[in-house]
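The structure under discussion appears below in the form of structure tokens.
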Amino acid sequence: MCGIAGYIGEKQALPFLINGLKKLEYRGYDSAGIAIYHEGRIEVRRQTGKIAELERSIAGQTIEGTQGIAHTRWATHGVPSNRNSHPHRDTDGHIAVVHNGIIENYLELRGELEDKGYTFTSETDTEVIPNLIADCFKGDLLAAVEEAKARLRGSYAAVCMSQDDPGRLIGIRQDSPLIIGYGDDGNYFASDIPALIGYVKSYTVLKNGETAVMTKEGVTIYVDGSAVEPEVEALTMDLDAAEKGGYEHFMLKEIIEQPRALKDCLSGRISYGKHVVDLGELKLNAAKMEKINKIVMVACGTAYHACYVGRYIYEKMLRIPVEVEIASEFRYRDPILDEKTLTIVVSQSGETADTLAALAEAKRKGSHILAITNVWESSIAREAHDVIYTRAGLEIAVASTKAYTTQVLAIYLLGLYMAELKGKMIRREIQTIINELYRLPDKVQKIFDDQLDTIKAMAEKIADHEDAFFIGRDLDYVVALEGALKLKEISYIHAEAYAAGELKHGTLALIVDQVPVISVCTQKILEEKMISNIKEAQTRDGQIFAIAFEGDPVISSVADHVCYLPKTNDLLAPILTVIPLQLIAYYASVKRGADVDKPRNLAKSVTVE
Ligand code: AGP
């Protein structure tokens, strides 16, 4: 996710801007930049790479000014490059803006502004903001920002300044975070608290829809043009706690971030009530799709489990055979595929060696390669013919969580896109699913709001055991695979996942002594079968932990503990059912005193064979 820093006060702005960006490095970025106002003009310096590169590029230069903004960019639109880096300015260079988020209607706004003669130098969505403000500017920056803000759709935390109306920074916020810091020698903006530590003793978190006008004397916050009283908090966090957003571990922060990550993944790609999925300029068009007679999905670990969801939903949606392959096996198996095969490669890091090698093997055999990844311009992104970015933001914990749910979401979007291309689903069907996808982020949030205590209690019981079994059928089985990996890799409990119908073919021999059996049970058409499988385990003294939709009338009669989830379309269940499994793994790991964010023997990205 991008990082923002801003300062206006008595001191030179540059030192805070650079140090503030450094404190935001943990958010992940691929370029950095600053803009400082001094004596009637704005100086801008931008550089791809690390902040140290930016510092090197301005070494020896005198960049004076007591008012400035700065940015670290995590690319979502436009490759990492100097011209795509922030701050962005309007055509005349009088207004500078830094932005974190996604402007969904930027193409529409860019077209309007180009028709009015504004010129653009980048591929970013952000560049529409300074030009829109310039188009509204009649001498008062606040009025221009408010008018421009009304035209923006999507998520944004943005700070802007104008050399024609100096002496103030203006910040706006919708969904992406923006924080105000109150200092003795001036005032500060930042995307996150770490940047403010050591500079301020109190802060305000700007709320959605609010506009902050910051001068060196103070800050006024407006809602719909009227000033409101800010909520000021004392800044007591240390840096480590602040980088984790106040959570004890990055993993919990990243689990809780999932509603935001899912919204970012959907942003600009679907519209409520519409049947169209916009995945940008994919080479996978109707003509190519017509020729595809097989889909192969290749990945490792959690990404492999996301592919497994794809196998079940694509065969339902497209009626095309789908094979799911572990990359380290696929790459040496001399697999049968050709130009009629679509190979989908999934990787959070985009650098996993086995997955990259599997991609090369499929490409060599003539297959069309589509990558789903979280890292812009990663090796896998560069080698694929098409790329869909998951936009999960930086994931620091070794155990993937928001990477998985955004991978699955991207897989759903691709499925609807392909179904539309092949004419396999009628528009009403696609629209129904899209409308439910729109609701998923809030349903994930509802799990956190309503079920956290239930899930934590389940985890603390499971943490007392050395073995655990995850069972499910169809899409519930696929999520059980991911649940077992999560528990295994961070709590060190020996966890396995089984197709529930498979229990009686051997595993039942291990169901004794209240061993935990985590049963994912949402697929309506298989519920009776699933209930009887659960009973098989329960009668053999298994301790049943069930994950089911709220309103399920039967599950509580066969389970010792139940986590009820908001109802959704059975096809979309994995995005919700995985959440309690992630939290069970997390709380079990905490109770067992394991190293949650950096589990033994594991690396975040396996770039070797
Ligand atoms: C999952 O929690 C692990 N971090 C691991 O299995 C991971 O999913 C796997 O190494 C693949 O990584 P990638 O998505 O970056 O390719």
Side-chain angles (χ1 to χ4, degrees), residues 28 249-255 257-258 261 265 297-310 324-331 343-360 362 369-384 387-411 470 478-493 495 497 574 578-579 581-586 588-589 594-609:
H249 300 100
F250 279 112
M251 184 180 176
L252 184 55
K253 174 173 177 276
E254 288 154 8
I255 289 173
E257 275 174 351
Q258 288 179 107
C265 183
M297 303 182 80
V298 192
C300 300
T302 285
Y304 168 74
H305 296 150
C307 291
Y308 231 116
V309 174
V324 184
E325 300 275 356
I326 288 173
S328 54
E329 289 295 305
F330 178 84
R331 64 182 291 193
T343 299
I344 300 172
V345 174
V346 180
S347 173
Q348 189 283 132
S349 62
E351 301 299 343
T352 299
D354 283 323
T355 309
L356 192 55
L359 183 160
I369 311 295
L370 186 146
I372 295 176
T373 185
N374 191 37
V375 178
W376 197 277
E377 291 289 288
S378 54
S379 302
I380 284 173
R382 285 199 305 272
E383 289 303 315
V387 187
I388 298 174
Y389 287 101
T390 52
R391 302 175 183 166
L394 184 70
E395 186 177 70
I396 293 174
V398 165
S400 276
T401 51
K402 63 179 183 173
Y404 173 82
T405 47
T406 52
Q407 285 164 358
V408 171
L409 191 53
I411 284 168
F470 289 73
V478 173
V479 172
L481 291 168
E482 175 58 12
L485 175 62
K486 285 280 98 47
L487 185 65
K488 201 180 328 190
E489 69 176 323
I490 65 169
S491 74
Y492 314 145
I493 293 170
V578 78
I579 301 295
L581 304 189
Q582 293 170 345
L583 288 165
I584 283 171
Y586 171 76
S589 175
D595 186 343
V596 176
D597 285 334
K598 298 187 187 71
R600 66 188 181 207
N601 308 340
L602 301 179
K604 180 60 186 169
S605 175
V606 183
T607 55
V608 295
E609 274 204 52

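Just follow the structure's listing: the first ligand is 1, and inside any ligand the first atom is 1.
For the pair K604 and ligand 1, no heavy-atom separation below 4.0 Å is found.
Interface atoms of ligand 1 facing Q348, defined by a heavy-atom separation under 4.0 Å, are 13 (P), 14 (O), 15 (O), 16 (O). Residue contact check: V398 has heavy atoms under 4.0 Å from atoms 2 (O), 3 (C), 4 (N) of ligand 1. With ligand atoms numbered from 1 in the order given, ligand 1 contributes 1 (C), 2 (O) to contacts under 4.0 Å with heavy atoms of K486. Here is the list of ligand 1 atoms found below 4.0 Å of a heavy atom in A303: 8 (O), 14 (O).
Judged by distance alone, the side chain of T355 and the main-chain N or O of S347 form no donor-acceptor pair under 3.5 Å. Checked by atom type and distance alone, the side chain of E254 pairs as donor or acceptor with a backbone atom of A397 at under 3.5 Å. Checked by atom type and distance alone, the side chain of Q258 pairs as donor or acceptor with a backbone atom of I255 at under 3.5 Å. In this structure a side-chain-to-backbone donor-acceptor pair under 3.5 Å is missing from D354 to A327. The backbone N or O of M251 lies less than 3.5 Å from a partner atom in the side chain of D597, making a donor-acceptor pair. Side-chain N or O atoms of T406 include one that pairs as donor or acceptor with a backbone N or O of A403 at under 3.5 Å.
Among L485, T352, T355, T401, the residue whose heavy atom lies nearest to atom 13 (P) of ligand 1 is T352.
Considering backbone and side-chain atoms alike, A399 places every N or O at 3.5 Å or more from each N or O of ligand 1.
Taking atom 7 (C) of ligand 1 as the reference point, the nearest protein heavy-atom neighbour is T302 N, 4.1 Å. Distance from atom 10 (O) of ligand 1 to its nearest protein heavy atom, with residue and atom name: V606 CG2, 4.1 Å. Atom 11 (C) of ligand 1 has C300 O, 3.5 Å as its closest protein atom, hydrogens excluded (heavy atom only). Given atom 2 (O) of ligand 1, the protein heavy atom at minimum distance is E489 OE2, 2.5 Å. Looking only at heavy atoms of the protein, atom 15 (O) of ligand 1 is closest to S349 OG, 2.7 Å.
In summary, of the residues considered (K253, K402, K604), a salt bridge (Lys or Arg N to Asp or Glu O under 4.0 Å) with E395 occurs for K604 alone.
Between E325 atom CD and C300 atom SG the span is 11.5 Å, to the nearest 0.5 Å.
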